[in-house]
Student: 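There's a structure below that I have some questions on.
Here, residue 1 is the first one in the sequence, and each next residue gets the next number. Note that the coordinates shown come from a computational prediction; the quantities given were computed from them, not determined experimentally.
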Amino acid sequence: MTSLLCITIISLALTACANSQETSTPPLPTVRVKAELGGNVTLPCWLLSRDSMSFGGVGMRVKWTKVADDEAMNEDVLLSMGFHKKTYGSFENRVFMQEQENEDASLVMTDVSKDDMGKYRCEIINGFEDTVHEIILEVEGDLTDGVVFPYFTSRGRYSMTFQEAGQACLDQNATVATYDQLFEAWKGGLDWCNAGWLNDSTVQYPITNPRAPCGGTNSGPGVRNYGRRDKQSLFDVFCFASAHKGHFYWLVQPDRLTFDEAVQACLDDGAEIAKVGQIYAAWKLEGYDRCDAGWLADGSVRYPISRPRKNCSPTEAAVRFVGFPDKMQKSYGVYCFKEQ
């Protein structure tokens with residue numbers, strides 16, 4: 001009887017020891033990460049043991065949470081279980097796991113906004129060694145360190161799904177604008193009567209001069225909101241371009257150019273044909289002014305006026321839009337951009 005009791009006690013002790021080894025390790029020291037407004041950032045998170053199974057394996061779970069002062073107000077960011085991944089709320093389609101190695105659960109966040117600032121928690125659970133990381137994200141820059149501009153492609157107005165809108169902004173050296181950025185632009189006088197996607201999948205447009213075709217005259221000035229729309233719906237988009245690191249300029253040429261000749265002319269000058277985001281940033285942030293219509297990378301023709309005057313833009317400072325002309329037409333010059 002005594003030997004049986006000893007065996008039972010030893011067995012219980014071993015079980016308690018094993019259970020203690022399976023509990024979560026305490027959170028590691030908090031890491032601070034800085035990001036530029038409107039840019040991308042990676043929040044680091046790694047499984048401590050390199051001997052554990054990969055995140056693609058069965059039983060591995062990764063949960064990313066944005067932590068509030070009141071835990072009841074925490075926001076789910078991303079959940080990964082094997083090959084299945086889900087993102088939530090304002091993080092949907094903006095975050096993904098880096099997964100450069102089997103133990104890597106780092107989170108890549110795109111189009112960073114001021115609302116993204118705060119503490120994040122990464123929990124890796126595999127049943128053997130649970131790991132918890134905490135990261136504080138700081139966002140640098142100001143909403144005025146860039147410019148919001150409405151955009152549509154050569155396909156015409158209201159022709160982009162939410163995903164296509166995001167790619168269109170990226171192609172023009174910009175990101176899809178946030179509501180805060182659009183609101184700041186509206187306060188600065190942006191008035192645009194065509195609805196466009198924002199990064200939270202809402203569709204909105206800014207009106208400073210209420211008029212019948214733009215929501216009626218009974219509604220006062222403001223940012224008009226269609227709410228969240230089906231992401232396959234077709235609208236324009238509002239893009240946000242940050243200050244660029246390089247030189248935007250008009251390329252002096254003896255003759256007018258076709259689009260292909262314009263592209264080659266910039267290449268011959270050690271540059272590339274400028275993008276729409278770059279002409280807006282040069283106009284808004286540098287006061288660039290030129291009354292010559294020139295080709296841009298998307299096949300459009302535009303020119304920036306910061307000093308309104310007769311025959312250029314008599315009533316307002318603006319990037320004037322000529323259109324998407326036939327690319328074989330020899331009627332325009334070209335704007336180029338040279339990286340710093």
Side-chain angles (χ1 to χ4, degrees), residues 38 146-160 164-177 181 185 190 192 194 196-197 235-309 311-313 316-340:
V147 55
V148 172
F149 61 94
Y151 187 76
F152 60 93
T153 69
S154 59
R155 298 203 305 266
R157 301 277 189 189
Y158 290 6
S159 63
M160 290 180 288
E164 290 170 338
Q167 187 60 52
C169 289
L170 288 174
D171 290 344
Q172 298 312 312
N173 204 55
T175 57
V176 180
Q181 289 165 344
L190 181 61
W192 195 255
N194 294 90
W197 291 107
F235 293 97
D236 293 349
V237 65
F238 289 97
C239 302
F240 178 83
S242 303
H244 51 237
K245 297 179 180 179
H247 178 47
F248 173 89
Y249 64 101
W250 168 263
L251 182 62
V252 176
Q253 292 283 289
D255 301 307
R256 297 302 183 184
L257 308 167
T258 66
F259 176 76
D260 288 342
E261 290 170 342
V263 172
Q264 189 60 50
C266 289
L267 292 173
D268 292 343
D269 201 49
E272 62 181 10
I273 188 169
K275 298 177 179 179
V276 176
Q278 290 162 344
I279 194 174
Y280 269 96
W283 163 73
K284 183 70 173 180
L285 306 178
E286 301 173 11
Y288 195 95
D289 181 284
R290 187 160 190 116
C291 196
D292 291 289
W295 290 106
L296 295 174
D298 65 339
S300 67
V301 172
R302 307 172 196 246
Y303 60 97
I305 299 297
S306 58
R307 295 180 290 105
R309 56 199 183 275
N311 299 328
C312 291
S313 181
E316 62 177 347
V319 174
R320 309 304 300 184
F321 174 68
V322 176
F324 290 95
D326 182 343
K327 290 185 176 181
M328 296 304 294
Q329 190 173 332
K330 280 180 173 282
S331 299
Y332 308 103
V334 63
Y335 288 99
C336 302
F337 183 81
K338 190 174 293 186
E339 293 285 350
Q340 186 174 351

Student: Check whether Asp236 reaches the backbone of Tyr158 with its side chain - one donor and one acceptor, N or O, closer than 3.5 Å.
Tutor: yes
Student: For Cys291 and Arg309, which heavy atoms make the closest approach, and how far apart are they?
Tutor: CB-NH2, 3.8 Å
Student: Roughly how far apart are Phe238 CZ and Trp197 CH2, rounded to 0.5 Å?
Tutor: 13.0 Å
Student: Got a second to check how far Gln340's CD is from Lys245's NZ, nearest 0.5 Å?
Tutor: 7.5 Å
Student: Is a side-chain donor-acceptor pair under 3.5 Å present for Glu286 with His244?
Tutor: yes
Student: For Cys266 versus Val334, what's the shortest heavy-atom pair and its separation?
Tutor: SG-CG2, 3.7 Å
Student: Heavy-atom count check: over 12 atoms from other residues, nucleotides or ligands less than 6.0 Å from Lys275 NZ?
Tutor: yes
Student: Between Thr258 and Asp260, does any side-chain donor sit less than 3.5 Å from a side-chain acceptor?
Tutor: no
Student: Among Val301, Leu257, Asp292, Leu296, whose side-chain contact (heavy atoms from CB on, under 4.5 Å) with Tyr332 holds?
Tutor: Val301
Student: What's the shortest heavy-atom distance between Gln181 and Val176, and which atoms?
Tutor: OE1-O, 4.5 Å
Student: Using 0.5 Å steps for rounding, measure from the CH2 atom of Trp295 to the NZ atom of Lys327.
Tutor: 7.5 Å
Student: Short question: side chain of Asp289, backbone of Ser306 - any donor-acceptor pair under 3.5 Å?
Tutor: yes
Student: Locate the shortest heavy-atom distance separating Ala265 from Gln253; write the atom from each residue and the value.
Tutor: CB-OE1, 3.9 Å
Student: Do the side chains of Met160 and Thr153 get nearer than 4.5 Å, heavy atoms only?
Tutor: yes
Student: Distance from Trp250 atom CH2 to Tyr288 atom OH, nearest 0.5 Å?
Tutor: 8.5 Å
Student: Roughly how far, to the nearest 0.5 Å, is the CZ atom of Arg290 from the OH atom of Tyr303?
Tutor: 13.0 Å
Student: Find the distance between CZ (Phe248) and SG (Cys336) and round it off to the nearest 0.5 Å.
Tutor: 9.0 Å
Student: What is the minimum heavy-atom distance between Val276 and Ser300, and which atoms define it?
Tutor: CG2-OG, 4.2 Å
Student: Check whether any side-chain heavy atom of Pro304 lies under 4.5 Å from a side-chain heavy atom of Tyr335, and answer yes or no.
Tutor: yes
Student: If you take all heavy atoms of Leu285 and Ser242, which pair is closest and at what distance?
Tutor: CD1-C, 4.2 Å
Student: Do Tyr249 and Asp269 have side-chain atoms, one donor and one acceptor, less than 3.5 Å apart?
Tutor: yes
Student: Using a strict threshold of under 4.0 Å (side-chain N to carboxylate O), is an ion pair present between Lys338 and Glu272?
Tutor: no
Student: Using the side-chain contact (heavy atoms from CB on, under 4.5 Å) rule, take Gln172 and Gln167 through it: C-alpha gap first, then chi angles, then the decisive distance, then the call.
Tutor: CA-CA 9 Å; Gln172 298 312 312; Gln167 187 60 52; over 6 Å; no
Student: Please determine, by modelled atom types, if Tyr151 and Asp298 share a side-chain donor-acceptor pair under 3.5 angstrom.
Tutor: yes
Student: Step by step, work out the side-chain contact (heavy atoms from CB on, under 4.5 Å) result for Ser313 and Arg320.
Tutor: CA-CA 8 Å; Ser313 181; Arg320 309 304 300 184; 3.4 Å; yes
Student: May I ask you to check whether Phe324 and Phe321 place their ring centers less than 6.0 Å from one another?
Tutor: yes
